[in-house]
Structure formats: structure tokens, C-alpha cells
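As the structure lists them, so they are numbered: ligands from 1, and atoms in each ligand from 1.
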Amino acid sequence: LSGGAEVGVRPAGEADVEVVLRLWDVARSPAATTSDDAATVERLLAHDPGALLLADRDGQIVGTAIATWDGWRGHIYRLAVLSGYRRQGVGRLLVGAGQERLRALGATTVSAVGQDEPGPIAFWTAIGYRLDPGMLRFAKSL
Ligand SMILES: CC(C)(COP(=O)(O)OP(=O)(O)OC[C@H]1O[C@@H](n2cnc3c(N)ncnc32)[C@H](O)[C@@H]1OP(=O)(O)O)[C@@H](O)C(=O)NCCC(=O)NCCS
């Protein structure tokens with residue numbers, strides 16, 4: 001990573017909720033649809049402690065990923081890196097940490113929903129993910 005600064009990945013705690021919300025406000029995928037508020041993030045932390053991963057660069061949170069295992073497959077949500085810190089390997093680091101978590105929990109496959117945009121497609125392809133041609137995502141509000 002550039003600048004010699006250390007970037008580490010750690011699980012989020014309650015004290016991180018506000019900074020995570022601020023990061024998502026400016027850096028989450030434009031394709032993300034879930035509304036963001038403190039209660040939603042706190043519910044995730046309570047439901048699956050360790051799922052919300054933070055990239056910490058000298059004390060500043062520069063990226064996030066949610067890596068969850070539901071007993072069937074692993075999934076990565078909310079991969080987001082602050083724009084000033086992109087193309088420095090932070091996304092790759094977050095996904096790698098998420099994959100380690102999911103593998104340890106028993107997952108043998110992991111998927112992520114991405115945008116039909118060159119950036120996300122190039123990113124997922126570069127880190128070894130294969131686009132499922134013809135797959136569509138169906139969704140409904142409950
Ligand atoms: C997608 C995203 C998370 C990538 O994070 P990042 O920290 O910049 O990714 P990395 O630096 O680890 O990139 C790893 C490799 O992916 C590829 N890559 C990443 N972003 C790319 C881009 N915009 N265009 C082309 N290739 C890209 C490159 O091969 C890169 O390696 P390189 O920089 O050595 O060439 C970041 O751009 C982001 O937060 N985007 C907005 C939110 C979003 O779209 N999230 C994805 C939801 S599916």
C-alpha cells in the first residue's frame with residue numbers, strides 16, 4: 001500500500017457505527033438500496049458479531065465490507081472504500097479478510113452483487129471472481 005501507512009482489517013464494534021454510516025454516505029455503491037441508520041447497523045452487529053469488517057489506516061476507517069454466512073453460502077455486502085484511498089489494495093484486503101472469515105465458518109462459495117459498471121466488474125474480476133452470465137437478482141421488500 002502506498003505512503004507506507006499500515007492498513008489493518010478489524011471487526012466493527014458499537015463505537016464504530018457513526019463513522020461507518022458517514023463512510024457509506026459518501027462511498028457506498030450507487031446500486032445499494034438498503035437504508036442506512038444506526039439501528040440497522042447495530043442490529044447487524046448483534047445478529048452477526050464480526051461480520052462488519054473495517055479497513056483501519058492509522059486509526060482512520062477507510063473502507064468496509066460485510067461478510068456473512070447464512071449456512072448455505074457466503075456473501076459480501078457493502079464493500080466500499082473512501083474515494084481518496086481507492087486503487088491502493090484496500091478493497092482486495094477487505095475481501096480477503098471476509099473470505100477468511102467465511103471459510104472459517106464453513107462457507108465453500110462466496111458471492112457478491114455488483115453493478116453493471118466497469119469499475120466493480122474490473123475489481124471483482126481482478127480478485128478472482130467470475131461473473132455469472134445470465135444471472136439476475138430478484139428482490140422484494142418485506
Ligand atoms: C470497488 C471498490 C470497493 C474497489 O476498492 P479498491 O480499494 O479501489 O480496490 P483495490 O485497490 O483493492 O483494487 C484491486 C484491483 O481491482 C481492479 N480495480 C479496482 N478498481 C478498479 C477500477 N475503478 N477500474 C479498473 N480496475 C479496478 C484493479 O485491477 C486493482 O488492482 P490495481 O490497482 O493494482 O490495478 C471501490 O472502487 C469502491 O468503494 N467503489 C464504490 C462502491 C462499490 O461500487 N462497491 C462495490 C459494490 S459491488
| request: For side chain to side chain contact (heavy atoms under 4.5 Å, CB included), just list the numbers for I76 and W124, CA-CA rounded to whole Å, side-chain angles, deciding distance to a tenth of an Å, and then say yes or no. | output: CA-CA 11 Å; I76 294 183; W124 289 110; 4.2 Å; yes
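- Ranking the protein heavy atoms by distance from atom 47 (C) of ligand 1 puts S29 CB, 3.9 Å first.
- Taking every heavy atom of W124 and a limit of under 4.0 angstrom, the matching atoms of ligand 1 come to 48 (S).
- Atom 31 (O) of ligand 1 has its closest protein heavy atom at R92 NH2, 4.0 Å.
- Of the residues listed (V41, V20, L21), the one engaging D36 in a side-chain contact (heavy atoms from CB on, under 4.5 Å) is L21, and it is the only one.
- Residue contact check: V90 has heavy atoms under 4.0 Å from atoms 7 (O), 12 (O) of ligand 1.
- Residue R28 has no nitrogen or oxygen atom sitting less than 3.5 Å from a nitrogen or oxygen atom of ligand 1, judged on distance alone.
- The shortest distance between side-chain heavy atoms of T125 and L131 does not fall below 4.5 Å.
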| Intermediate values then yes/no, side-chain hydrogen bond (donor to acceptor under 3.5 Å, both in side chains), S111 and H75 | CA-CA 5 Å; S111 57; H75 200 97; 3.2 Å; yes
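- Atoms of ligand 1 lying under 4.0 Å from at least one heavy atom of A80, given by number and element, are 39 (O).
- Looking at atom 4 (C) of ligand 1, its nearest protein heavy atom turns out to be F123 CD1, 3.7 Å.
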| query | Would R22 and D16 satisfy salt bridge (charged side-chain N to carboxylate O under 4.0 Å, His left out), going step by step from the backbone distance to the final call? | reply | CA-CA 10 Å; R22 282 201 294 278; D16 300 304; over 6 Å; no
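- Looking at atom 37 (O) of ligand 1, its nearest protein heavy atom turns out to be R86 CD, 3.3 Å.
- For the ligand labelled ligand 1, residue L82 lies outside the 4.0 Å heavy-atom shell.
- For ligand 1, the atoms closer than 4.0 angstrom to any heavy atom of A126 are 15 (C), 16 (O), 17 (C), 29 (O).
- Regarding atom 46 (C) of ligand 1, its nearest protein heavy-atom neighbour is L79 O, 3.7 Å.
- Within ligand 1, the atoms closer than 4.0 Å to a non-hydrogen atom of V113 are 48 (S), numbered from 1 in the order shown.
- Formation of a donor-acceptor pair under 3.5 Å by the R28 side chain with backbone atoms of A32 is found in this model.
- Taking every heavy atom of G89 and a limit of under 4.0 angstrom, the matching atoms of ligand 1 come to 10 (P), 11 (O), 12 (O).
- For ligand 1, the atoms closer than 4.0 angstrom to any heavy atom of A122 are 17 (C), 25 (C), 26 (N), 27 (C).
- Looking at heavy atoms from C-beta onward, V95 lies in side-chain contact with Y129 at the 4.5 angstrom threshold.
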| Pair R101-D48, salt bridge (charged side-chain N to carboxylate O under 4.0 Å, His left out): steps then yes or no | CA-CA 12 Å; R101 170 172 206 262; D48 192 357; 2.8 Å; yes
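- Considering backbone and side-chain N/O atoms, I127 never comes within less than 3.5 Å of an N/O atom of ligand 1.
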| query | Which is it for I61 and R10 under the side chain to side chain contact (heavy atoms under 4.5 Å, CB included) test, yes or no, and what are the steps along the way? | reply | CA-CA 10 Å; I61 305 308; R10 64 169 176 87; 3.6 Å; yes
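- Scanning all protein heavy atoms for the shortest distance to atom 23 (N) of ligand 1 gives G119 CA, 3.6 Å.
- Against a heavy-atom cut-off of under 4.0 Å, A27 is close to the following atoms of ligand 1: 41 (C), 42 (C).
- By the definition of a contact as any protein heavy atom under 4.0 Å away, atom 7 (O) of ligand 1 is in contact.
- Remark: minimum distance from atom 32 (P) of ligand 1 to any protein heavy atom is reached at R87 NH2, 3.8 Å.
- For atom 39 (O) of ligand 1, the nearest protein heavy atom (residue, atom name, distance) is V81 N, 2.8 Å.
- Residues T64 and L53 fail the side-chain proximity criterion, which asks for heavy atoms closer than 4.5 Å.
- Between R87 and V81, every side-chain heavy-atom pair lies at or beyond the 4.5 Å cut-off.
- Counting heavy atoms from C-beta on, the side chains of F123 and L79 come closer than 4.5 Å.
- Looking only at side-chain heavy atoms (C-beta outward), D56 and V9 stay at 4.5 Å or farther from each other.
- In this structure, atom 19 (C) of ligand 1 has protein heavy atoms in its sub-4.0 angstrom surroundings.
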